[in-house]
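These notes concern the structure reproduced below.
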Amino acid sequence: MLLPFGGAGMNSTMDDINLIQQAQRHRLVVRQLGEEIDLEIGPGDDDPSFGNSTLIGGPPREPSSEEPDDTKQMVMVSQIPSDDQDMSRTQPAKRKKKVVKRWREEWADTYKWAYVDVKEGTARIFCSVCREYGRKHRRNPYGNEGSRNMQMSALEEHNNSLLHKEALRLQMASKDKIAADKPVYVKALMSKTAGSIVEAALKRDPHELEFIQSVQEAVHALERVIAKNAHYVNIMERLLEPERTIIFRVPWTDDRGETHVNRGYRVQFNQALGPCRGGIRFHPSMNLGICKFLGFEQTLKNALSPYKLGGAAGGSDFDPKGKSDNEIMSFCQSFMSEVYRYLGPDKDLPSEEMGVGTREMGFLFGQYRRIAGHFQGSFTGPRIFWSGSSLRTEATGYGLVFFAQLVLADMNKELKGLRCAVSGSGKIAMHVLEKLIAYGAVPITVSDSKGYLVDEDGFDYMKISFLRDIKAQQRSLRYYSKTYARSKYYDEAKPWNERCDIAFPCASQNEIEQSDAFSLVNSGCRILVEGSNMPCTPEAVDVLRKANVLIAPAMAAGAGGVVAGELELNHECNLLQWSPEDFESKLQEAMKQIYQRALKAATDFGYQKDNPEALVHGAVISAFLMIAQAMTDQGCV
């Protein structure tokens, strides 16, 4: 019987490697601080006997006879049986040429990425994220293999390599997509008929948590409507299945010439009222469940607006952060090359969403125009010089403040002097701050992915300009507190502990959890205006409802973007540039219509005006009845 490669010695080492791998799979490997490990293994560097010896590391000099014996011994990455260690010591080990630096205590957590495996009969040290080894991790983040690499340890090179960062991003994105460990929170519904709708959705799409959550909230609001007319059960079942779902690959090339592949989505949810309108989101957490949830919410939002529009949503798990303009252009052009055939002024027009701004929309529209060969219509969002309305990007944020003003007016109150907590620091949040200041309110917080910033003196226009500069430089909001002494940045925290009268969550879905809802109630918040789609978890909604906190839903309060988009596409608007005052007047008028429609629908179905969920239920009811009538008139399509 032939022995593989190195004979019996190799078999012994292979057994050791197998033991190491089994221990690591069961999380039994404990690395001691001060151990050394050679991370510079690569093609051309390997000693022929390396596969038969233990992994070694040593100081960057030759050992002397005066040194203690333990400095000359070879160190394994993890503990192995002593008999095998004795066998391995008898074999001469050739010291590696590369400099190996001793592990530092502050790097202990970072070093957890390494594991040992055999590649073509040779033991190698692999990255547990990328599953790659050696020189593939010796990419200088500045684009060359020059002297800077020689100054960095192998681990630092690895962690700074663009290859590793991309792999780490993909790993984190895949963790976000795992839904098996997250229980689905099912609301108690009074009607068995309404419960059957949710049950059917759970059975069909059990892992699409965000979509199931949005369905539950809508069905909960429609209980009284469904109880009055059983015909709406069939309509709701059809509405919950998108008319068209497109999933496609998006290959693109980075600045180093390496190819990457992301997944793209476009869900055209319902076109019963008219052509689709909806955002495009670029974020690592993007998946089909989030895309369907956004499309469903957009369908209801568009139906509630003064215009006859269908709803859609799309995007990709591509992360634009840290990418160059050329890389983003490459991705956007590849994305549009696939999805363009489903778009058009009478089909579907995309708009800005998380991770997609004027730059991305410009690249997308340019590729669409290039392929389609005409300039009919425009995507909602790009710059003034080739689109219509002058306040398109501000519309959603301004609309939120206009809606809050309508709510307060019915309470005989005004915004002036009220403390407002705002989350997020993107386009919507910044424009909310602007308009709050214009009406005399005191916005005190903004947030990013790492924490939140509070300024007890409140923000003003100069401070907002400074915040925009910080964000443009892709720096943390903590730099703001170095300039303004009365401000403070809190790591890994949310702004809902701060004393406030009104909250404007403008970051992402489910940002307010049950504990955050308790904090809001305790901080004195009486009104919550949703800037992002579905910002509260179901448990948080229950807490706010019991505390009589009035909720202004995103499908009503956040409809400013829909209004501006349609004004932008209006022929008259494209011919004449409107002044900001004219545009704001049109926007305020539209927001007032939406507010009145939501209140009327709530009142018609027995929800009192002072009910904290009256606007939520009224908005869903009004939108659904509009869509249901159109679907009934058009037959079973």
Side-chain angles (χ1 to χ4, degrees), residues 162 166 169-170 172-174 176-177 242-269 275-295 298 310-345 347-383 386-387 393 426-427 508 561 565:
L162 297 176
E166 182 68 11
R169 183 193 68 76
L170 292 174
M172 295 304 297
S174 65
D176 292 338
K177 295 176 185 177
E243 289 187 8
R244 188 174 294 107
T245 301
I246 304 113
I247 303 177
F248 52 97
R249 71 180 180 191
V250 188
W252 57 282
T253 306
D254 64 21
D255 291 340
R256 303 187 309 276
E258 297 181 3
T259 301
H260 305 266
V261 178
N262 288 89
R263 182 172 292 177
Y265 306 91
R266 190 64 180 174
V267 175
Q268 294 174 342
F269 218 94
C276 289
R277 300 288 187 269
I280 292 181
R281 173 181 291 192
F282 292 163
H283 193 271
S285 66
M286 190 66 173
N287 57 41
L288 183 58
I290 292 178
C291 196
K292 287 173 66 176
F293 135 67
L294 292 172
Q298 192 69 44
S316 173
D317 56 1
F318 171 77
D319 187 2
K321 288 185 178 179
K323 304 292 192 300
S324 69
D325 285 352
N326 282 335
E327 289 173 331
I328 292 175
M329 181 175 67
S330 173
F331 176 83
C332 289
Q333 290 177 344
S334 180
F335 183 93
M336 184 53 64
S337 294
E338 176 59 34
V339 81
Y340 82 94
R341 54 180 60 87
Y342 305 103
L343 304 181
K347 296 179 183 178
D348 179 6
L349 287 183
S351 59
E352 296 178 9
E353 237 274 6
M354 185 187 299
V356 177
T358 54
R359 174 184 57 178
E360 290 78 9
M361 289 304 295
F363 292 149
L364 289 167
F365 181 79
Q367 184 70 356
Y368 172 78
R369 180 190 58 77
R370 177 185 182 186
I371 298 174
H374 56 72
F375 204 99
Q376 294 178 4
S378 66
F379 290 175
T380 51
R383 299 183 188 276
W386 58 273
S387 65
T393 57
K427 297 183 293 292
S508 64

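These numbers were taken from a predicted model, which means no experiment stands behind them.
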Return the [atom1] to [atom2] distance between [X] and [Y], rounded to the nearest 0.5 Å.
{"X": "K427", "Y": "E353", "atom1": "NZ", "atom2": "CD", "value": "8.5 Å"}
{"X": "F331", "Y": "L364", "atom1": "CZ", "atom2": "CG", "value": "8.5 Å"}
{"X": "N262", "Y": "R249", "atom1": "CG", "atom2": "CZ", "value": "12.5 Å"}
{"X": "N326", "Y": "D254", "atom1": "CG", "atom2": "CG", "value": "11.0 Å"}
{"X": "M336", "Y": "Y368", "atom1": "CE", "atom2": "OH", "value": "8.5 Å"}
{"X": "R370", "Y": "F365", "atom1": "CZ", "atom2": "CZ", "value": "14.0 Å"}

Original post:
Can you check salt bridge (charged side-chain N to carboxylate O under 4.0 Å, His left out) on D319 and K321, steps first, answer last?
Top reply: CA-CA 6 Å; D319 187 2; K321 288 185 178 179; 5.9 Å; no
When you compare the side chain of [Y] with that of [X], does any pair of heavy atoms fall below 4.5 Å?
{"X": "Y342", "Y": "K347", "value": "no"}
{"X": "P350", "Y": "L343", "value": "yes"}
{"X": "E352", "Y": "T358", "value": "yes"}
{"X": "F318", "Y": "F335", "value": "no"}
{"X": "I290", "Y": "H283", "value": "no"}
{"X": "V339", "Y": "Q367", "value": "no"}
{"X": "P242", "Y": "K292", "value": "yes"}

Identify the heavy atoms of [X] and [Y] that sit nearest to each other, and give their distance.
{"X": "C291", "Y": "A313", "value": "SG-O, 3.5 Å"}
{"X": "S508", "Y": "M354", "value": "CB-CE, 3.7 Å"}
{"X": "I280", "Y": "G315", "value": "CG2-CA, 3.9 Å"}
{"X": "Q268", "Y": "C276", "value": "CB-SG, 4.0 Å"}

Subject >> Check against side chain to side chain contact (heavy atoms under 4.5 Å, CB included), R341 and I371 >> reply: CA-CA 9 Å; R341 54 180 60 87; I371 298 174; over 6 Å; no
Hey, is the main chain of [Y] close enough, under 3.5 Å, to the side chain of [X] for a donor-acceptor pair?
{"X": "S334", "Y": "V250", "result": "no"}
{"X": "S316", "Y": "R263", "result": "yes"}
{"X": "E360", "Y": "G357", "result": "yes"}

Original post:
What's the verdict on side chain to side chain contact (heavy atoms under 4.5 Å, CB included) for M286 and L294, showing C-alpha distance, side-chain angles and the deciding distance?
Top reply: CA-CA 11 Å; M286 190 66 173; L294 292 172; 4.2 Å; yes
Subject >> Within 45° cone and under 6.0 Å: K323 NZ/CZ vs F282 ring >> reply: no
